[in-house]
Protein chains: 2
Amino acid sequence: MNIHSFSFFLFLKKKNKIMSKIDKREEIIKTAMELIAEQGFHGTPMALLSEKAGVGAGTIYRYFENKDVLIKELYNEIDKKFKAFLMENYPHERPVRECFFYIGKCIIEYFINKPLDFRYTEQFHNSPYGIEFRRNKLINLTGEDYFCRILFEKGREQQVIKTIPLVIFFDLAFAPIIWAVRDHILGFVTLDEDLKMQIVSSCWDSVKM
Amino acid sequence: MNIHSFSFFLFLKKKNKIMSKIDKREEIIKTAMELIAEQGFHGTPMALLSEKAGVGAGTIYRYFENKDVLIKELYNEIDKKFKAFLMENYPHERPVRECFFYIGKCIIEYFINKPLDFRYTEQFHNSPYGIEFRRNKLINLTGEDYFCRILFEKGREQQVIKTIPLVIFFDLAFAPIIWAVRDHILGFVTLDEDLKMQIVSSCWDSVKM
DNA sequence: ACTTGAGGAATGAATATTCATTCCTTTTCC
DNA sequence: GGAAAAGGAATGAATATTCATTCCTCAAGT
């Protein structure tokens, strides 16, 4: 054993020490997100995932019952993180318009800085998993959607928001923002501070009374 | 041979006559769209497709080099049909605002009446195929996008449309419409004539000066 | 009018591949 | 030493694609 193989041995030792329970799960999640965001669900076989994550194929199944469960949990992770980000400084007591702008800017900031999270959620939403999910969400609003609904109702009461169904409010308010973020991430446009503001503002124009 | 088996024989004869070249291809396309729209790309194995289309497995490969090519050509078919619909009565010489409303209403009408086409294109756009496709489209605008671009430029000249990049114009103008159609098709909302008008009108509010 | 046979369309069983999942072995940790 | 974790080769089901064969049509020959 020469100096090189010895230090390699130490490296492995260290890596394994660090990579205990929590870290392996994290590693799998991180890698799965990267791969799926770039190649899609069906472009990321479990074998590839285990290889890139540096774990055995069987190990994945210690943490996730099967691929479907992995995919859904991955989505929940992102959703939870975004929700936390949104709620951190949410201006609960401020006027409707201000809350609206806050949400809009949060979406843009968060996902521009986490393009993988964005591409993952987009894939998820537009897959069989997503449809089922969306149905639940609309019927039984939770988390960030719940706040949006409160916002919508407050806006309707105060007559600052148009008389439209909640669902259409979501569409008018957030669809252009999401699409714009996608275009930014794919490199079709660059969202600077001015443009971000202009987009959120335009969305507000489309829902305000 | 009784009367029934004889007429059945004629029916087969006729069917075979009719089901020549063009018709087989049509049958494959139609069936593939139905299946994929409902089950997704990966929920429609070629064996199922050939069974439902009433053709041999090998026959599909006489018309389409492989599954990927089939998927892409299917998209082109839809795109072509929509383009034709949009152009049929396009009010070229009328004011920008009127053209905008025409396009918005066309999108809603067309896809509400062809939910399979809609679900197919949505799946396509949000898959690895779609990204590549979108890139080409934005760089080298053709068909309906070309008309939208002309509209945008005319609107900018006349100062009736905001000073924003073309891509963002697309996002503001069409994202909410597409999302609303999706919600209608999935049954989350019902778009009556009033609501359709209100949506297109709101989109106009968001891009107009 | 009837037969023959060439051309090519259609078929679907067989093949090759891909992939999620399992299972047994090795390693790590206490 | 033994339990828990990790590894990764082996498995078998699912799937796209191929290809040898059949079937159909129609034109030519008698």
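In what follows, every chain begins at residue 1, and chains take the letters A, B, ... in the order their sequences are listed.
- The aromatic ring centres of A:Phe133 and A:His125 sit 6.0 Å or more apart.
- Aromatic ring orientation, A:Phe124 versus A:Phe41: perpendicular (interplanar angle above 60°, classes split at 30° and 60°).
- Across the protein-nucleic acid pair, B:Phe64 atom CZ and C:dA9 atom P stand 15 Å apart, rounded to whole Å.
- If you take CD of A:Glu27 and C1' of D:dG7, they are 16 Å apart, rounded to a whole angstrom.
- Side chain of B:Lys162 to backbone of B:Ser206: a donor-acceptor contact under 3.5 angstrom is found.
- In this entry the distance linking CD1 of B:Ile71 with C1' of D:dA16 reads 12 Å, nearest Å.
- B:Ile60 has its CD1 atom 14 Å from the P atom of D:dT15, to the nearest Å.
- Classified by interplanar angle (parallel below 30°, tilted 30° to 60°, perpendicular above 60°), the ring pair A:Tyr90/A:Phe147 is tilted.
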Got a list of protein N/O to nucleotides 21-25 of chain C N/O distances below 3.5 Å?
| residue | atom | partner | partner atom | Å |
| --- | --- | --- | --- | --- |
| C:dT21 | OP2 | A:Tyr61 | OH | 3.0 |
| C:dT21 | OP2 | A:Lys67 | N | 2.9 |

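- Taking atom CZ of residue B:Arg25 and atom C1' of nucleotide C:dA10, one finds them 17 Å apart after rounding to whole Å.
- Counting to the nearest Å, the C1' atom of D:dA13 and the NE2 atom of B:His42 are 18 Å from each other.
- With respect to the salt-bridge test (charged N to carboxylate O, under 4.0 angstrom), the residues B:Glu77 and B:Lys81 do not qualify.
- Rounded to whole angstrom, the span from the CZ atom of B:Arg62 across to the C1' atom of D:dC19 amounts to 12 Å.
- As a whole-Å value, the separation of B:Leu35 CG from D:dA16 P is 12 Å.
- Screening residues 172-186 of chain A for salt bridge (charged side-chain N to carboxylate O under 4.0 Å, His left out), with sequence neighbours left out, gives A:Asp183-B:Arg134.
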